[in-house]
Amino acid sequence: LNVMYREAHVVNWKNESCAVDQTVDGKLPVTTAINLEDEKNQPALAFFSRYHVEYVKLPELRRSAGNIQNTMIKCDCANNPVNMCFLNGGEEKSCDELGEQINYLKNAIDEWNENLTPKDNFTSQSIVNWFEEVGSNLMTDENDLKIKDHSSALAPQTLLSGAVVVGNQPQKENDDTKLEEIKRIQFSGGGSTFSMKLSKEKIWDEVGLSCWHGCNADYENTVEAPGIEELATKAFGIGPSVSIELLTFKTHVTHESTKGKTEVESTSIGFTLGDNDPGDEFVVDLYYDEKFGTVLFDTVAGRSKCPHEIGTAAIEDPQLIVTSFPPQYVFPDEDMVFEVEISNLGVGEESQFVLYVKQRDNEGSLKVLLDGFGLGAAREFKNIPKDTSYKKTLVLQRGPRLFQYQALDLVMESACEDASSQINDLTASVFNETKSVSQKLYNRGVGDSAVIEFVQPCPKVEWAGELKRDRHFVVNRNSDDKDNLLVTVFNPNHGEASFQNMTKYRLKKVLLSYRKVGDLHWSIARSNTMELDFTGAEESSYGYTSMKWKLANFVSEGTYEIKIETKCDQLGGPPDIDMSSTSILSGVIDLTLPEQYGQALPLHDTVLLGEELVVVFTEAILCEKPFTFDLQVIIDGTNYRFDREELQVVCEGRKIGFQIDPTIGVDVKAIMGKSFSIE
């Protein structure tokens, strides 16, 4: 009975967890709906291959039974058989109805399994019996003529050549009527085939009456005509005397029309053994299945190429060995080198193999090279003799972004198993037996934790914000924040990970260092009582991080150099592997105003017109133009006030020198002998 059913995913929302119900493997539960009374259910003749029954239908039936069983468990049918269970789509079934469906499915499973299971004693059913007994009986019925004097057997030609037929059995030359029964066939590949066939032909000749020209005819005719009945001779003068009367006779006519037809019915059952590959050889014992009457083949010996068949020696039996793995630490610009060895352990003199890497797991665009050429697809190797090893060099090169990758599978197999090969045999995919071998490519970890990992250089860091723009910093009494300096940095690899996430790998810290100009030793800047470490600060989605460098009570006034460094686990490689640094910037921290040092020079009371006046300060002052200071000379008792623009000013180090510019038109007589002040 062909029964319609459907499978549906069950979506059950749970408000308390804000999620849907899932199975233990994280998938949506499935329910199966069956209606045994559906009018669409119809008896059907199933013509399935054993493969389809075993790998499609049986899993389908088991899955459906399991789905219904899960529904019954959720419905608590074991404790409350009278419960009604709600199925997907609003359908409702009783526990009894669901139980009936499960029994129906289990019966189907049992019957399919019974038909798939061969009898344990099938080897007792010789192929000889099949041709002589079973096959002939299967091909005839009670209306057929039984032929019992025809012998069928397999025997070596050396025995049959000297045998004669005695009765219905071949007989040896030594009068032994029991020839050895041969159930084993040995044949070679290369295109030749061996066939054995039992044929039956039945001929039926049928003859019947037909109608043409009036169908059958059966009648009589009476014919009358003149005739001489008596002739007499007279003796006396008159002559002959004749007596004439009518002649009467009858005809009986019978006419029949017939038609005939001949029917020929023939049946042939047999098998053909053959193999296309030259060099293959098979030794096969032949039996028959008592249940179905079909022929069973048991391969007991021989040699086969690809796909390799169980019971035979493999012509192609690849061996793949990784003889040399790369070191644990491979720097990002270096090649990761593997040495591999390929060989054929099979019995074939020459074989054809392919070698490839499963690109399915190559998520980071690793580049794979074999003997200097790309191995993006399978590389085919022809004429590989047995018991000969070939060494190959396989190289992995890092992709554009990542440093860690999944381990890759390097596969060696017969060319016929590879889809891209010209000699691909599509039947290889359905054989459970395969001679494909593989090896993991990795350089760190073992087992499931094995990975391909290049040494990741310590992440780079760059200046950002005002420090990047000005390439200098100044903290003085005019600064908005005199106690701190805001430092902003940029993570050029923010698309891959933040500085904080990078600490899961090699990165340890991202620190601000400083030193006074002229010093050799660098100090670590602090934020309050902690090191100024940018891995502990929040990084924006654009890769920028800002922190305040604490100056008050930690850093004295002076001229400083600063830099940002990333520090990573020490591997002992080149310096840029374990750390990375920005360029060095300089700046000034000056929170104390300069004071005049002593009196203005010269120290005598009278100053000549054109003589330089010099004011000395306690510290160097900023003398870059435009000057950041103002200067004014006031001559008492006059209206003269000379600003900086009307003075000739020189600023050097700790001093400012000036004199009145004589070109501005000063009345010398008016200022001679006058006192003045400098502001």
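As a basis for the values below, the full set of heavy atoms in this structure was taken, side chains included, without hydrogen atoms, waters or symmetry mates.
- Side-chain contact between V368 and L396 is present, with heavy atoms from C-beta onward closer than 4.5 Å.
- Counting heavy-atom neighbours within 6.0 Å of Y390 OH, excluding the residue itself, gives a total above 12.
- Using bins of under 30°, 30° to 60° and over 60° for the plane-to-plane angle, the ring pair Y442/F325 lands in the tilted bin.
- For the atom pair D569 CG and C458 SG, the distance stands at 8.5 Å (nearest 0.5 Å).
- Within a 6.0 Å radius of CZ in R641, no more than 12 heavy atoms belonging to other residues, nucleotides or ligands are found.
- Side-chain contact between Q439 and L441 is absent, with no heavy-atom pair separated by less than 4.5 Å.
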Review point. Can you list the steps and then say if I564 with V487 is a side chain to side chain contact (heavy atoms under 4.5 Å, CB included)?
Key: CA-CA 10 Å; I564 304 290; V487 179; 4.2 Å; yes
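- Here the shortest heavy-atom pairing between L613 and P602 reads CD2-CD, 3.8 Å.
- Using a 4.5 Å heavy-atom threshold, the side chains of K655 and L601 count as separate.
- The pair K563-E561 does not meet the salt-bridge criterion, since no charged nitrogen lies less than 4.0 angstrom from a carboxylate oxygen.
- Between the CD1 atom in I68 and the SG atom in C75 there is a gap of 13.0 Å [rounded to 0.5 Å].
- Inter-residue side-chain proximity for R506 and I577 is flagged as met; some heavy-atom pair is nearer than 4.5 Å.
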Exercise. Determine, stepwise, if the pair V475 / L591 fulfils side chain to side chain contact (heavy atoms under 4.5 Å, CB included).
Key: CA-CA 7 Å; V475 179; L591 299 174; 4.1 Å; yes
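- Residue K391 qualifies as open at atom NZ: its count of foreign heavy atoms under 6.0 Å is 12 or below.
- Within a 6.0 Å sphere centred on CD of E462, other residues, nucleotides and ligands contribute more than 12 heavy atoms.
- For residues 640-679, the ring pair (Phe, Tyr, Trp, His ring centres under 6.0 Å) pairs, not counting sequence neighbours, are Y640-F642.
- At least one donor-acceptor pair under 3.5 Å links the side chain of N344 to the backbone N or O of D317.
- Side chains of F617 and E619 form no contact here, defined as non-hydrogen atoms less than 4.5 Å apart.
- The closest side-chain heavy-atom distance from K674 to D636 is not below 4.5 Å.
- With hydrogens and angles ignored, the 3.5 Å screen pairs no side-chain donor or acceptor of E466 with any backbone N or O of K468.
- Contact of the Q456 side chain with the L507 side chain is not registered, since no non-hydrogen atoms from C-beta on lie closer than 4.5 Å.
- Note that the CG atom of L647 and the CD1 atom of I660 stand 7.0 Å from one another [nearest 0.5 Å].
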With a cut-off of 3.5 Å and sequence neighbours excluded, list every side-chain donor-acceptor pair involving residues 532-539.
residue	atom	partner	partner atom	Å
D533	OD1	V510	N	2.9
D533	OD1	T535	N	3.1
D533	OD1	T535	OG1	2.9
D533	OD2	T535	OG1	2.9
E539	OE1	F499	N	3.0
E539	OE2	N491	ND2	3.1

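- In this structure, F490 and Y544 have tilted ring planes: the angle between them lies in the 30° to 60° band.
- Between F473 and W549, the ring planes lie perpendicular to each other; the angle is over 60°, past the 30° to 60° tilted range.
- Once rounded to the nearest 0.5 Å, the distance linking NE2 of H521 with CZ of R515 reads 10.5 Å.
- Counted within 6.0 Å of CZ on R469, heavy atoms from surrounding residues, nucleotides or ligands total more than 12; the atom is thus considered enclosed.
- For the pair T566 (side chain) and P459 (backbone), a donor-acceptor distance under 3.5 Å is present.
- With contacts defined as side-chain heavy-atom distances shorter than 4.5 Å, the pair P332/P457 qualifies.
- Other residues, nucleotides and ligands contribute at most 12 non-hydrogen atoms within 6.0 Å of the CG atom of N553.
- Judged purely by distance below 3.5 Å, without hydrogens or angles, the side chains of E339 and T393 pair a donor atom with an acceptor atom.
- Under the side-chain contact (heavy atoms from CB on, under 4.5 Å) rule, F353 has a single partner from M412, E413, K435, which is M412.
- For the residue pair Q659 / E612, no side-chain donor-acceptor distance below 3.5 Å is found, with atom types taken as modelled.
- Note that the CD atom of Q397 and the CG atom of L369 stand 4.5 Å from one another [nearest 0.5 Å].
- Between K550 and D483 there is no salt bridge, since no side-chain N of the basic residue sits under 4.0 Å from a carboxylate O of the acidic one.
- Rounding to the nearest 0.5 angstrom, the gap separating the CG atom in D470 from the CG atom in L585 is 9.5 Å.
- K567 and D578 are not joined by a salt bridge, as no carboxylate oxygen comes within less than 4.0 angstrom of a charged side-chain nitrogen.
- Partners of F627 under the ring pair (Phe, Tyr, Trp, His ring centres under 6.0 Å) rule, at least two apart in sequence or in another chain, are F629.
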